[in-house]
Amino acid sequence: MNEIKQLINAINEFRDERGWKPHHNPKDLAISLSIEAAELLEDFQWKSSEEAVEQNMENIKEEIADVFIYGLMLCSELDLDVETIVKDKIKKNGLKYPVSNS
(Lines give C-alpha, C1' and ligand atoms only; values in the text may rest on other atoms or scores of the structure.)
Protein backbone atom coordinates (compact mmCIF):
# COMPACT_ATOMS: atom_id res chain seq x y z
CA MET A 1 0.00 0.00 0.00
CA ASN A 2 1.42 3.38 -0.91
CA GLU A 3 2.02 6.12 1.63
CA ILE A 4 -0.91 8.29 0.50
CA LYS A 5 -3.35 5.42 0.92
CA GLN A 6 -1.89 4.67 4.36
CA LEU A 7 -2.36 8.32 5.30
CA ILE A 8 -5.97 8.28 4.07
CA ASN A 9 -6.61 5.08 6.03
CA ALA A 10 -5.20 6.68 9.20
CA ILE A 11 -7.38 9.77 8.68
CA ASN A 12 -10.48 7.67 8.04
CA GLU A 13 -9.76 5.50 11.08
CA PHE A 14 -9.50 8.62 13.25
CA ARG A 15 -12.81 9.89 11.79
CA ASP A 16 -14.58 6.56 12.17
CA GLU A 17 -13.49 6.11 15.81
CA ARG A 18 -15.32 9.36 16.56
CA GLY A 19 -18.43 8.61 14.51
CA TRP A 20 -17.90 11.63 12.24
CA LYS A 21 -18.44 9.90 8.87
CA PRO A 22 -22.10 11.02 8.54
CA HIS A 23 -20.88 14.63 8.58
CA HIS A 24 -18.13 14.05 6.02
CA ASN A 25 -20.04 14.19 2.75
CA PRO A 26 -18.44 15.84 -0.32
CA LYS A 27 -20.21 19.19 0.18
CA ASP A 28 -19.24 19.54 3.83
CA LEU A 29 -15.69 18.36 3.19
CA ALA A 30 -15.27 20.94 0.41
CA ILE A 31 -16.63 23.66 2.72
CA SER A 32 -14.31 22.57 5.52
CA LEU A 33 -11.32 22.55 3.16
CA SER A 34 -12.11 26.12 2.14
CA ILE A 35 -12.49 27.24 5.76
CA GLU A 36 -9.14 25.71 6.71
CA ALA A 37 -7.48 27.41 3.72
CA ALA A 38 -8.95 30.71 4.92
CA GLU A 39 -7.56 30.05 8.40
CA LEU A 40 -4.14 29.55 6.80
CA LEU A 41 -4.52 32.93 5.11
CA GLU A 42 -5.15 34.55 8.48
CA ASP A 43 -1.59 33.68 9.49
CA PHE A 44 -0.34 35.90 6.65
CA GLN A 45 -2.85 38.73 6.95
CA TRP A 46 -1.28 42.17 7.49
CA LYS A 47 2.26 40.75 7.60
CA SER A 48 5.04 40.24 5.12
CA SER A 49 5.59 36.66 4.11
CA GLU A 50 8.75 36.58 6.21
CA GLU A 51 7.02 37.99 9.31
CA ALA A 52 4.14 35.55 8.98
CA VAL A 53 6.43 32.54 8.74
CA GLU A 54 8.58 33.73 11.63
CA GLN A 55 5.61 34.50 13.90
CA ASN A 56 3.15 31.76 12.92
CA MET A 57 5.06 28.70 11.74
CA GLU A 58 3.41 26.28 14.18
CA ASN A 59 -0.09 27.37 13.25
CA ILE A 60 0.81 27.47 9.55
CA LYS A 61 1.85 23.81 9.78
CA GLU A 62 -1.41 22.92 11.53
CA GLU A 63 -3.57 24.74 8.99
CA ILE A 64 -1.70 23.18 6.05
CA ALA A 65 -2.26 19.78 7.68
CA ASP A 66 -5.98 20.52 8.03
CA VAL A 67 -6.19 21.51 4.34
CA PHE A 68 -4.49 18.28 3.31
CA ILE A 69 -6.61 16.18 5.67
CA TYR A 70 -9.86 17.53 4.23
CA GLY A 71 -8.53 17.22 0.67
CA LEU A 72 -7.55 13.60 1.24
CA MET A 73 -10.87 12.85 2.91
CA LEU A 74 -12.69 14.36 -0.06
CA CYS A 75 -10.68 12.20 -2.45
CA SER A 76 -11.51 9.16 -0.35
CA GLU A 77 -15.21 10.01 -0.27
CA LEU A 78 -15.27 10.51 -4.07
CA ASP A 79 -13.10 7.42 -4.68
CA LEU A 80 -10.42 9.48 -6.43
CA ASP A 81 -6.81 8.34 -6.69
CA VAL A 82 -4.76 11.28 -5.39
CA GLU A 83 -1.61 10.40 -7.34
CA THR A 84 -3.51 10.06 -10.60
CA ILE A 85 -5.49 13.28 -10.33
CA VAL A 86 -2.40 15.29 -9.32
CA LYS A 87 -0.33 13.88 -12.19
CA ASP A 88 -3.19 14.52 -14.62
CA LYS A 89 -3.44 18.13 -13.42
CA ILE A 90 0.30 18.69 -13.77
CA LYS A 91 0.12 17.36 -17.33
CA LYS A 92 -2.86 19.61 -18.11
CA ASN A 93 -1.07 22.62 -16.61
CA GLY A 94 1.98 21.80 -18.74
CA LEU A 95 -0.14 22.11 -21.86
CA LYS A 96 -1.81 25.29 -20.63
CA TYR A 97 1.43 26.88 -19.44
CA PRO A 98 4.26 25.53 -21.63
CA VAL A 99 7.87 26.28 -20.81
CA SER A 100 9.01 29.28 -22.81
CA ASN A 101 11.78 28.69 -25.33
CA SER A 102 13.15 32.21 -24.89
Side-chain angles (χ1 to χ4, degrees):
M1 179 181 302
N2 73 32
E3 291 182 34
I4 293 175
K5 287 184 181 177
Q6 289 176 343
L7 198 53
I8 290 171
N9 286 342
I11 293 165
N12 288 343
E13 183 178 321
F14 182 90
R15 174 204 63 202
D16 293 345
E17 289 172 346
R18 287 151 181 81
W20 293 346
K21 182 155 177 42
H23 308 288
H24 289 180
N25 58 72
K27 174 192 73 82
D28 289 332
L29 290 170
I31 289 169
S32 296
L33 192 155
S34 181
I35 290 167
E36 295 301 337
E39 289 178 4
L40 175 61
L41 285 174
E42 283 183 318
D43 286 324
F44 292 90
Q45 188 175 27
W46 315 122
K47 297 174 182 73
S48 70
S49 186
E50 295 78 15
E51 289 172 323
V53 169
E54 184 179 310
Q55 295 171 14
N56 300 316
M57 181 54 85
E58 285 306 309
N59 198 63
I60 288 168
K61 290 191 297 188
E62 289 182 16
E63 299 305 340
I64 290 170
D66 286 339
V67 168
F68 276 105
I69 288 168
Y70 281 119
L72 292 170
M73 291 174 78
L74 186 55
C75 285
S76 177
E77 188 65 26
L78 297 173
D79 199 27
L80 300 173
D81 181 87
V82 176
E83 187 174 352
T84 299
I85 65 173
V86 169
K87 286 180 179 179
D88 288 349
K89 183 61 177 175
I90 291 169
K91 184 186 294 185
K92 186 176 182 178
N93 284 348
L95 296 172
K96 187 174 181 180
Y97 307 105
V99 175
S100 172
N101 290 332
S102 54

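These numbers come from a predicted model, not from an experiment.
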Which pairs would a plain distance check flag for residues 59-71, meaning a side-chain donor or acceptor within less than 3.5 Å of a matching protein atom at least two apart in sequence or in another chain?
{"unit_1": "Asn59", "atom_1": "ND2", "unit_2": "Asp43", "atom_2": "OD1", "d": "3.0"}
{"unit_1": "Asn59", "atom_1": "ND2", "unit_2": "Asp43", "atom_2": "OD2", "d": "3.0"}
{"unit_1": "Lys61", "atom_1": "NZ", "unit_2": "Glu58", "atom_2": "OE2", "d": "3.0"}

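- Residues meeting the side-chain contact (heavy atoms from CB on, under 4.5 Å) test with Asp79, sequence neighbours left out: none.
- Apart from Phe14 itself, the hydrophobic cluster it occupies contains Trp20, where clustering links Ile, Leu, Val, Met, Phe, Trp and Tyr at side-chain heavy-atom distances under 4.5 Å.
- Interatomic distance, CD1 of Ile90 versus CG of Leu95, reported as 12.5 Å (0.5 Å rounding).
- Residues Lys89 and Asn93 meet the side-chain proximity criterion, which asks for heavy atoms closer than 4.5 Å.
- Under the 4.5 angstrom side-chain criterion for Ile, Leu, Val, Met, Phe, Trp and Tyr, Trp46 has no cluster partners at all.
- A search for side-chain contact (heavy atoms from CB on, under 4.5 Å) contacts involving Lys92 returns nothing, not counting sequence neighbours.
- In this structure Thr84 satisfies the side-chain contact (heavy atoms from CB on, under 4.5 Å) test together with Asp81, Asp88, sequence neighbours excluded.
- With sequence neighbours left out, Glu42 forms a side chain to side chain donor-acceptor pair (under 3.5 Å) with no residue at all.
- Applying the 6.0 Å contact sphere to CD of Glu17 captures more than 12 heavy atoms from other residues, nucleotides or ligands.
- Under the rule for a side chain to side chain donor-acceptor pair (under 3.5 Å), the partners of Glu77 that lie at least two apart in sequence or sit in another chain are Lys21.
- Between Lys87 and Glu83 the shortest side-chain heavy-atom distance falls below 4.5 Å.
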Check: residues 23-30 side-chain donor-acceptor pairs under 3.5 Å, at least two apart:
{"unit_1": "Asn25", "atom_1": "OD1", "unit_2": "Lys27", "atom_2": "N", "d": "3.1"}
{"unit_1": "Asn25", "atom_1": "OD1", "unit_2": "Asp28", "atom_2": "N", "d": "2.9"}
{"unit_1": "Asn25", "atom_1": "ND2", "unit_2": "Asp28", "atom_2": "OD2", "d": "2.8"}

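- In terms of the side-chain contact (heavy atoms from CB on, under 4.5 Å) criterion, residue partners of Ser76 (sequence neighbours excluded) are, by chain and number, Ile8, Asn12.
- Taking a 6.0 Å sphere around NZ of Lys47, one finds it holds more than 12 heavy atoms contributed by other residues, nucleotides or ligands.
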